[in-house]
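The first residue in the sequence is number 1, and the count goes up from there. Bear in mind that the values here come from a model prediction, so they are computed numbers and not experimental data. Both ligands and their constituent atoms are indexed starting at 1 by order of listing.
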Amino acid sequence: MEHFEESLLKLIIDTSTNLPPDVRRAVEQAQIREEIGSRAALALETIVENVLLAEEEQGPICQDTGMPTFEVHTPVGANQIVMERQIKAAVAEATRLGKLRTNSVDSLTGKNTGDNLGPGTPVIHFHQWENDEIDVRLILKGGGCENKNIQYSLPMELPGLGKTGRDLDGIRKCIMHAVYQAQGQGCSAGFIGVSIGGDRTSGYQHAKEQLFRHLDDHNPIKELAELESYIMEHANELGVGTMGFGGRISLLGCKIGVQNRLPASFFVSVAYNCWAFRRQGVRIDPRTGEILNWIYKQGTSDLKRKEFAGFSDKVKVLRAPISEEEIRALHVGDVVLISGEMHTGRDAIHKYLMDHDAPVSLEGGVLYHCGPVMMKDDEGKWHVKAAGPTTSAREEPYQAEIIQKFGLRVVMGKGGMGAKTLAGLKASGAVYLNAIGGAAQYYAKSVEAVDGVDYLEEFGIPEAMWHLQVDGFPAIVTMDSHGNSLHADVDDHSFKKLEEFADPVY
Ligand code: SF4
């Protein structure tokens, strides 16, 4: 097993930087079907550009490289203790190389371990099997989409869908609701793994296991094969669209599994994965530890850069610091290119700024909800390796006050924010910009220099406040200073669509 650790490192790097062909084909199909010139089409163009850039640069597709979760099948007699040690060593090395973000945080102190190792991280599940080879599969599922996983306990009353019973029709309603509730916060269009049955714990575990199925496989259980087809046909009618911008494509894959349950329980568990569906696997020689073959590399994909056709008339250029007048001239749907300085800030920074001063002036500034992947070179200079937006909704309790307290003009993230922030934007003369979730390589290219960092020691790399010089950083106005929110509109529209699925089908 001399080469096992090295093989694991290859697996981690490939999973983080190279989207598998079946996922690429799904994205390609979405591009073909989406309306030319729409906001969703612009988001898809950016996603494709990002996927190709990540492959070329061997950089993380998305800055949130998620909770590394390994499913390992070993022949009888394999030493799982040694294997676990080597998997952890490979995770730490991939983190050092900037292929994984430092994602392991002490839940009580908030301290980041800095190497992705710690109690509960990474997740490794061993299984023995009667096969001579080792099979290792890895999924990197980020927090934005992990937070949109959902579990239903039937029977129940589902908003918009009414009575939801313990039968196939009830399961159908749960899955439609799961797609609706994710909106853009899980970086739609998504892939869902569904588990019927089990208990609360095994249900979620089994749902995540469905994500390891090939996208073009066929469910051997007739009823579930039909349900998968039904969902793939109808979930897109909800109109959530890429990044929740509205559009024709809301779902890229649906895989459903079933397991037994207790008589008293009936869970439907849904694992929601964003478009950046990073899962890969390898078969390994148990004597040498070398890779024998890759599991998700079959077939080809024709994902190509295409010239984006729309929006040229609506593009507005903003240079920080930004005036109130410039902000009041912006409306939902405008595409904005930002230049000058922006500051990152996410959960820890928002909580901190409520009771403290900012380390730099934020007057007229841009606050970017982002936890980047950063690397220091030999001369001690920081470089941005991946810098897509994080889910903004988590900052809803703080955002309006922070905008007002520090005179911010722009907050930017993904998935939109709620009514309190919308009112705050109007009162203070600020806008919310939606950057394309997961487009971490694409946005890293817009960063010209790192001006500095604050709170690195206290909060760790993803949560620190990075001061970045950007040039032509693109995003879309989805909440303006006049009380308009694209997110609220898409939510309303898709909820009305969801209600159309209340009548029984089975
Ligand atoms: S694409 Fe979006 S949901 Fe997925 S890991 Fe990245 S930020 Fe999170």
Side-chain angles (χ1 to χ4, degrees), residues 12 15-20 23-24 26-27 30 40 43-44 46-54 59-69 99-103 105 116 138-150 178-179 181-193 208 211 240-245 249-253 270-280 344 346-347 368-373 384-395 412-417 433-444 461-463 475-476 478 487:
I12 297 167
T15 310
S16 176
T17 62
N18 192 1
L19 213 56
V23 179
R24 288 177 184 235
V27 173
L44 280 164
T46 312
I47 284 168
V48 170
E49 176 69 24
N50 185 69
V51 169
L52 299 174
L53 272 175
I61 293 166
C62 176
Q63 78 290 336
D64 186 355
T65 53
M67 173 69 85
T69 303
K99 309 298 180 185
L100 294 178
R101 188 174 71 180
T102 52
N103 259 2
V105 176
N116 267 312
L138 168 63
I139 186 164
L140 300 174
K141 185 171 181 296
C145 59
E146 185 67 10
N147 292 347
K148 299 317 288 186
N149 291 355
I150 187 164
V179 177
Q181 61 87 41
Q183 291 292 307
Q185 292 170 14
C187 291
S188 53
F191 299 83
I192 50 174
K208 202 173 262 189
L211 295 172
V240 174
T242 306
M243 292 316 299
F245 289 167
I249 308 298
S250 305
L251 191 67
L252 298 172
V270 180
Y272 186 96
N273 206 107
C274 53
W275 68 261
F277 182 20
R278 292 153 292 171
R279 58 106 169 85
Q280 191 47 269
T344 68
R346 40 181 290 163
D347 310 66
Y368 183 26
H369 300 156
C370 169
V373 176
V384 178
K385 292 291 163 190
T390 192
T391 309
S392 301
R394 296 194 307 271
E395 318 315 340
M412 177 163 62
K414 56 112 170 160
M417 304 193 73
L433 302 183
N434 203 119
I436 309 303
Q441 290 303 313
Y442 181 79
Y443 285 119
I461 287 177
E463 296 278 355
I476 298 177
T478 52
H487 307 283

Asker: So do the side chains of L19 and I61 get within less than 4.5 Å of each other, counting heavy atoms only?
Answerer: yes
Asker: I'd like to know whether ligand 1 has K414 as a neighbour, heavy-atom separation below 4.0 Å.
Answerer: yes
Asker: Which heavy atom of K208 sits nearest a heavy atom of K141, and at what distance?
Answerer: CE-CD, 3.9 Å
Asker: In ligand 1, which numbered atoms sit nearer than 4.0 Å to a non-hydrogen atom of A276?
Answerer: 1 (S)
Asker: Are the side chains of P20 and R279 in contact, using a 4.5 Å heavy-atom criterion?
Answerer: yes
Asker: Indicate if the distance from atom 4 (Fe) of ligand 1 to the nearest N, O or S atom of C274 falls below 2.8 Å.
Answerer: yes
Asker: Give the numbers and elements of all ligand 1 atoms closer than 4.0 Å to a heavy atom of G142.
Answerer: 5 (S)
Asker: Y443 versus P389: any side-chain heavy-atom pair under 4.5 Å?
Answerer: yes
Asker: Can you report which non-hydrogen protein atom sits closest to atom 2 (Fe) of ligand 1, along with the distance?
Answerer: C187 SG, 2.4 Å
Asker: Does at least one non-hydrogen atom of C145 fall below 4.0 angstrom from an atom of ligand 1?
Answerer: yes
Asker: Specify whether F277 and F191 have parallel, tilted or perpendicular ring planes, treating 30° as the upper limit for parallel and 60° as the lower limit for perpendicular.
Answerer: tilted
Asker: Is ligand 1 less than 4.0 angstrom away from at least one heavy atom of M243?
Answerer: no
Asker: Show me which atoms of ligand 1 lie under 4.0 Å from any heavy atom of D64.
Answerer: 5 (S)
Asker: Starting from atom 8 (Fe) of ligand 1, locate the nearest protein heavy atom and write down its residue, its atom name and how far away it is, to 0.1 Å.
Answerer: G144 N, 3.8 Å
Asker: Is it the case that the side chain of N103 and the backbone of N116 share a donor-acceptor pair, with hydrogens and angles ignored and the cut-off at 3.5 Å?
Answerer: no
Asker: Answer yes if the side chains of S392 and K414 hold a donor-acceptor pair under 3.5 Å, and no otherwise.
Answerer: no
Asker: Looking at non-hydrogen atoms alone, which of C370, S188, G438 comes nearest to atom 1 (S) of ligand 1?
Answerer: G438
Asker: Considering heavy atoms of the protein only, find what lies nearest to atom 5 (S) of ligand 1 and give residue, atom and distance to 0.1 Å.
Answerer: R278 NH2, 3.1 Å
Asker: Mind checking the CD-CG spacing from E146 to D64? Nearest 0.5 Å is all I need.
Answerer: 10.0 Å
Asker: List the closest protein heavy-atom neighbour of atom 6 (Fe) of ligand 1: residue, atom name, distance to the nearest 0.1 Å.
Answerer: C62 SG, 2.3 Å
